[in-house]
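Input: a single structure, listed below in structure tokens.
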Amino acid sequence: MAFRKAAKGTALVGSGALAALYGLSQFSEYRRNQARLAHVEAAEQVQMTHQDELPSRQAQLATLKSTEEFDILVIGGGATGSGCALDAVTRNLKTALVERNDFSSGTSSRSTKLIHGGVRYLQKAIMKFDYEQYMMVKEALHERSNLLDIAPHLSAPLPIMLPVYKWWQLPYYWLGIKMYDLVAGSQCLKSSYVLSKTKALELFPMLKKDKLVGAIVYYDGQHNDARMNLAIALTAARYGAAIANYTEVVHLLKKTDPQTGRKRVCGARCRDQITGQEFDVRAKCVINATGPFTDSVRKMDDQRNPNICQPSAGVHIVIPGYYSPDNMGLLDPATSDGRVIFFLPWEKMTIAGTTDTPTDVTAHPIPMEEDINFILTEVRNYLSPDVEVRRGDVLAAWSGIRPLVTDPSSKDTQSICRNHIVNISESGLVTIAGGKWTTYRSMAEETLDAAVKEHKLSGGPSQTVGLMLEGAKDWSPTMYIRLVQDYGLEIEVAQHLASTYGGRAFEVAKMAQVTGKRWPIVGKRLVSEFPYIESEVLYAVKEYACTTIDVIARRTRLGFLNVQAADEALPRIVEIMGKQLRWSEQKKREELAAAKQFLYHEMGYKARSEQLTNMSEIALTPSEVDRYKKRFHKFDKENKGFITTVDVQQVLESISIQIDENTLHEILNEVDLNKNGQVELNEFLQMPVDLDHPHLSRTCSDLRLHWFFLESDPRRLVPTSDFPAIVFALCRTTANKVPSCSFHFLFHECS
């Protein structure tokens with residue numbers, strides 16, 4: 001009876017809300033369509049000025065230095081800043097953009113990878129009868145549709161499951177999700193639907209079965225955020241914008257307005273971070289689109305300006321792909337502390353997050369162990385007890401700073417703005433702050449409208465609705481087949497290139513080296529587990545990559561997917577970039593060290609190594625722990641907290657021994673207890689315990705390969721005939737050629 005009353009009440013309230021929302025949606029949709037039709041002709045005219053060849057970074061810097069005055073100078077190369085540059089240049093405004101670090105080096109590369117309107121925002125809008133919040137969701141859903149259209153190679157619809165564990169929640173959540181569909185109107189990706197318990201478990205077998213009632217599936221978009229940001233910036237460059245990364249604004253330039261006598265911003269003093277050279281870039285209008293660093297630029301304008309940014313840190317983790325289905329995400333609508341957690345397949349891995357905690361503004365945010373453990377705990381609550389969610393399975397973790405803002409024009413300056421703000425200072429500095437990734441384009445449009453009006457510029461209306469981004473023009477879902485047939489690439493590599501570079505993938509394939517194998521013909525991988533190939537490093541330089549970090553973090557996403565694999569790839573990446581950019585040996589060493597620091601601090605190595613040095617479960621005496629620690633650190637010379645195949649290779653090379661990389665991976669896998677591609681200190685310390693375990697019983701075919709850095713003669717080894725021949729060869733070589741060498745493999749035979 002109670003359930004019927006609840007369902008009836010929900011239906012009555014919901015029907016009225018649905019009707020009202022439907023009317024608003026249709027009216028708004030009509031206006032959107034009319035605006036889009038008005039832009040078609042202008043967009044076609046814009047496409048005529050498109051450049052096929054990207055100017056080099058040196059050419060871009062030369063343009064910045066030699067141009068007498070730009071119409072627009074954008075500070076910040078994130079999604080919003082790049083969007084502003086693209087919007088400006090396609091209005092036929094002379095446009096420049098400078099970024100202190102790399103494009104998308106901040107928050108824009110550290111998102112949840114979703115293109116969405118925000119289900120929770122719609123819930124708040126309905127519950128509080130908040131029209132402004134409703135319109136924010138409506139705008140985001142429109143932008144979601146546009147972004148999926150203009151970059152189909154980098155984005156795609158993703159079904160997301162909302163599991164239901166109480167009967168009364170089923171009609172409640174169903175109504176909310178249906179409203180989400182309805183607000184999207186004709187731009188609804190696919191209609192949401194209800195699943196029975198059996199069907200939900202069939203589609204998401206890792207889900208916790210106990211008390212599961214059913215599930216609701218709805219659709220949002222997903223994208224490769226850093227590559228999307230880069231595509232926006234590169235598109236702006238192809239239309240004629242002068243863009244430069246690693247170009248820092250030292251201070252703003254000002255001049256006196258002869259009519260008002262006031263000081264007006266007229267450009268910026270910039271420094272090339274690569275060479276240290278400083279130069280002036282003059283512009284009629286300067287736009288501050290620096291995300292979390294909004295206040296630092298505002299204070300360059302006027303030190304009296306109050307802070308408006310209230311930064312919040314969001315941590316995400318990446319775990320192996322087997323934790324989720326290939327094409328189904330999961331939404332936890334109410335975590336233990338009231339937040340929302342997404343659990344999504346991404347780049348053949350699984351991404352989980354995010355947290356939401358106050359933080360300080362920093363260019364190098366670090367994921368904290370407590371945040372990582374919070375996410376893991378929430379994930380465990382929704383997965384079957386049969387699925388053991390382990391800390392050791394976290395392959396990467398990162399923190400992004402969300403720039404929540406207060407409106408300086410509002411009477412209540414302490415109230416956080418739920419949307420974005422566009423503010424124009426007395427000196428004419430235009431600031432765009434807040435908002436979300438999905439709405440970058442509409443934020444840019446609003447910002448340029450305000451800039452054109454304030455500075456009386458000659459630009460026309462925005463042309464960016466429906467404007468295809470870098471790589472989208474010649475892309476098709478079957479394009480990868482041509483890459484396989486024409487160039488002899490592996491299927492996985494071809495699919496990756498197509499989904500990363502779109503129509504530009506053929507340029508990357510042309511640069512690929514011959515493998516010397518029967519198959520694949522071209523395309524040498526950087527690491528065996530991932531489809532990234534060496535020619536991508538060469539192409540990354542054309543895409544303005546200046547450092548090794550640019551390649552592992554933003555041109556490829558290796559650092560975000562698996563820090564251990566990224567660490568293994570670093571030497572080869574440094575070698576390729578060093579040759580292309582003519583780095584000295586000292587510069588190569590600096591690049592390698594900087595990239596390792598990035599992985600250690602910003603991609604979760606540090607939190608991981610600290611957590612994995614907990615010895616509470618190791619049954620060894622203190623003196624034994626100290627002894628084995630010393631042996632461990634002879635491999636782990638950089639104190640990462642784990643050993644990789646690279647560490648092993650370095651030791652082998654020091655004693656003039658060569659061993660196949662695949663064989664090393666197999667050897668590592670034998671002692672890699674949590675199967676994450678590396679041996680942590682606690683795993684290393686567990687091996688002598690396993691040797692002495694009274695219940696240890698295996699056949700020779702299931703032997704575990706234990707390896708140590710021992711202080712004894714390797715000729716003491718007594719190998720068995722069941723181990724791989726390569727291991728025997730290694731042991732024989734070690735014993736015969738280097739009898740005093742301390743590195744060898746310790747075998748344990750069980751009957």
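Residue indices begin at 1 and follow the sequence shown.
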For the OG1 atom of Thr112 and the CH2 atom of Trp346, what is their distance to the nearest 0.5 Å?
11.0 Å
Spacing of NE2 belonging to His420 relative to OG1 belonging to Thr439, to within rounding of 0.5 Å
6.5 Å
For residues 432-471, which residue pairs qualify under ring pair (Phe, Tyr, Trp, His ring centres under 6.0 Å), counting only residues two or more places apart or in two chains?
His223-Trp437, Trp437-Tyr440
Check this for me: does any side-chain nitrogen of one of [X] and [Y] sit under 4.0 Å from a carboxylate oxygen of the other?
X      : Y      : value
Lys263 : Asp301 : no
Asp272 : Arg57  : yes
Arg554 : Glu543 : no
Arg264 : Glu454 : yes
Asp102 : Arg555 : yes
Asp71  : Lys94  : no
Asp449 : Lys453 : no

Donor-acceptor pair, side chain of [X] and main chain of [Y], under 3.5 angstrom:
X      : Y      : answer
Thr67  : Glu69  : no
Ser56  : Ala59  : yes
Arg271 : Val249 : no

Quick one: does NZ or CZ of Arg504 land under 6.0 Å from the six-membered ring centre of Tyr501, within 45 degrees of the ring axis?
no
Take atom NZ in Lys436; do more than 12 heavy atoms of anything else shown fall under 6.0 Å from it?
yes
Would a 4.5 Å heavy-atom cut-off, applied to side chains only, mark Ile232 and Phe103 as touching?
no
Could you check if a side-chain atom of Gln187 sits within less than 4.5 angstrom of a side-chain atom of Leu141, using non-hydrogen atoms only?
no
Say whether Asn419 and Tyr121, considering side chains only, have a donor N or O and an acceptor N or O under 3.5 Å apart.
no
Among Ser104, Ser105, Pro365, Ser399, find the residue that satisfies the side chain to side chain contact (heavy atoms under 4.5 Å, CB included) test when tested with Arg110.
Pro365
